[in-house]
Number of protein chains: 2
Amino acid sequence: MANIEDVARLAQVSKGTVSNVFTQKRNVRPEVIERVLNAAKQLDFKPNYWARTLSMKETRIIGLTMLGEQTKFSQFHLNLMNGVLRVCYEQGYRLLVNTLAAEQQRSFKHWTTDPVDGEIMLDPELDDQRLQRRSPSGPPLVIVGRPAGAFEGQFCCVDNDNTAIAEQVTQYLFDLGHQDILLLNTSRDRTVAVDRLRGYENVVVKAGRSVDQRLCVFKDPSIPSVEYGYQSIHEIWSSGTRFSAVIADSDKVALGVYRAAMELGLSIPGHISIFAFSDDSVFAPEFHPPLSGVSLNAETLGSEAANLLIERIKDNTAPVLRKIVPTSLVIRASCSFCNSNQ
Amino acid sequence: MANIEDVARLAQVSKGTVSNVFTQKRNVRPEVIERVLNAAKQLDFKPNYWARTLSMKETRIIGLTMLGEQTKFSQFHLNLMNGVLRVCYEQGYRLLVNTLAAEQQRSFKHWTTDPVDGEIMLDPELDDQRLQRRSPSGPPLVIVGRPAGAFEGQFCCVDNDNTAIAEQVTQYLFDLGHQDILLLNTSRDRTVAVDRLRGYENVVVKAGRSVDQRLCVFKDPSIPSVEYGYQSIHEIWSSGTRFSAVIADSDKVALGVYRAAMELGLSIPGHISIFAFSDDSVFAPEFHPPLSGVSLNAETLGSEAANLLIERIKDNTAPVLRKIVPTSLVIRASCSFCNSNQ
DNA sequence: CTTGGATATTAAACCGGTTTAATTAAGGCA
DNA sequence: TGCCTTAATTAAACCGGTTTAATATCCAAG
């Protein structure tokens, strides 16, 4: 492909002038502009992205990083990404989906700076390698979720108030008379799991009861969500442990719970009530009975993260912010008063 | 951030040697390697991605382009992207999600080459601007779907055999005795809509009947899928046109059909049978009755596209291929023999 | 007719790497 | 010891843009 010199030669001007025509940073005489644009069209010239980036130090790309191994996007991630994409589109940024994290550290052959102006990181873990490996002079970072311990307050983040949500949900079930509530939490090493457990515990303890560890389950990341819900119910029920309500990590986990409950002859919400920590507004109403859940506003989470990031890209001295995206319980028909005589 | 010269100075070697240490393209004495790596670590040096790209002419990024306006990813796109991502991960590529297409052409201020080694394009349209605007010297392209008319055979593509699928589905419904089948197709300007209509027509015509245009509906891209299914049924039914079976473009469209049917007092599959042109293996079984559909293997579509593209990136003279990803009908309970006395 | 100031243009430096071609150092063999 | 070959290193050129600083051009005012 033709380069800027070819155009300059054909249009009988210097490289600099051609550059000025394209970047519009300095005045160029109209007739010269036309000559340059004609030459460019004739040669099918487009400025080379990499060369431009190298001297401008701006890529107009933002990165979206998720956990290395777990390269699969869920519905939640999808909604979130749609939010990010909308902002990208409005602001003229592109989105780079980064799955190289684990790969990169394998050999210094792949060491490089990231090709982005800033980064959005998903699903922070308790002891997150990605944050530790991060060099302080790198591009701005916004985290979706809560970074753990030492990193808290170090980075901008966008999150739901997961502890409050868990409190609300647990309280809702308590108010319905449920005492033994099974918490099918997400994987133990994610900070969101900690937050939700805390909210659950707060309510249980406040009610003067102690937390039954057998009712606090964490997901094994290698097991699909539906399986997780399905198997957990079977295992726990067959071990003799009883519960009258279940808080499931997501719609899919809840689906597994529905299936297991049906097999065990437990009616919903007659015998057990179910609440999900997510809300798939399209399919949740189709559950039988329709599933109650929490609207997390994943898309807003994504768009806020993108906005915050772009702000920081423009002004790196902007203060470290923590934005909370509001949530709301969506009550459908999967929970009812506790039927005490189990 | 430190650059290669800083490292060279500190390690008392030349730029070239530092480069050789990192690229591993030429031998360097072990003790020198160590000295360089130490210096690099000390200065927190990482090679600049864009400078490297500029001289190597390789970004190890592949682009995923979807329609400009319709920036929302569907479940199908999600599965497809998961397939692409898996291959990216395996092969050490990153994925750039491109929504700039429309933006880019607005002013030549944004004209640049794309920052990718190759591109995957989704949802080709009948008169696709993106293909027309494409310069022949650009990076390799793989299309998911069938490019229209003049562009057919010009590019590698990966696709389902949509005409064959439509034939199978229509034939299946014919065999159940259905004669008046409503086709809720996707938007008119997508090539996949044409292919599916053709398959539908083939079977109808072969059966010696003529195609009723009132039963061939196209989606308005601005309307959400569920609404599309819901409103179409209401409109067509209230216009007096009758049908005993519906082929819906996707699970979501089918969901809208279910809802409308319920409101009209039409039982499924008693009064009308429903078949979807997609298969959400998690939720489709939860429909009441469970929804029959077509497993399109979106993830395979994505991984095959990525493989094909990476092959072409490595060897641009590789032949133009068209890969067909197999599909299968998933029969559940949403269709039954036609109840002729409507 | 100068001079001053604003505007347009250009040559050269720069961004930060890789690669080529030349140079130096080291080892092998007669 | 001297010559040839091979390996390691380096200086300089290059990738293709943008930006800076110097220069050329033009017009108005003195």
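Convention: sequence-line order gives letters A, B, ...; per-chain numbering from 1.
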- Note on the structure: Rounded to the nearest 0.5 Å, the CG atom of B/Leu85 sits from the CG atom of B/Leu78 at a distance of 9.5 Å
[X] with [Y]: basic N within carboxylate O range, under 4.0 Å:
| X | Y | value |
| --- | --- | --- |
| A/Arg146 | A/Asp159 | no |
| A/Arg86 | A/Glu90 | yes |
| B/Asp114 | A/Arg94 | yes |

- All side-chain hydrogen bond (donor to acceptor under 3.5 Å, both in side chains) counterparts of A/Thr17, not counting sequence neighbours: A/Ser14
- Note on the structure: Per-nt protein contacts along nucleotides 13-27 of chain D (heavy atom under 4.0 Å; B base, S backbone sugar-phosphate only, - none) come out as --BBBBBB-------
- Task: Ignoring backbone atoms, test whether A/Thr17 places a side-chain nitrogen or oxygen under 4.0 Å from the OP1 or OP2 oxygen of C/dT9.
- Result: no
- Rounded to whole angstroms, how far apart are CG on B/Asn27 and P on C/dA25? 19 Å
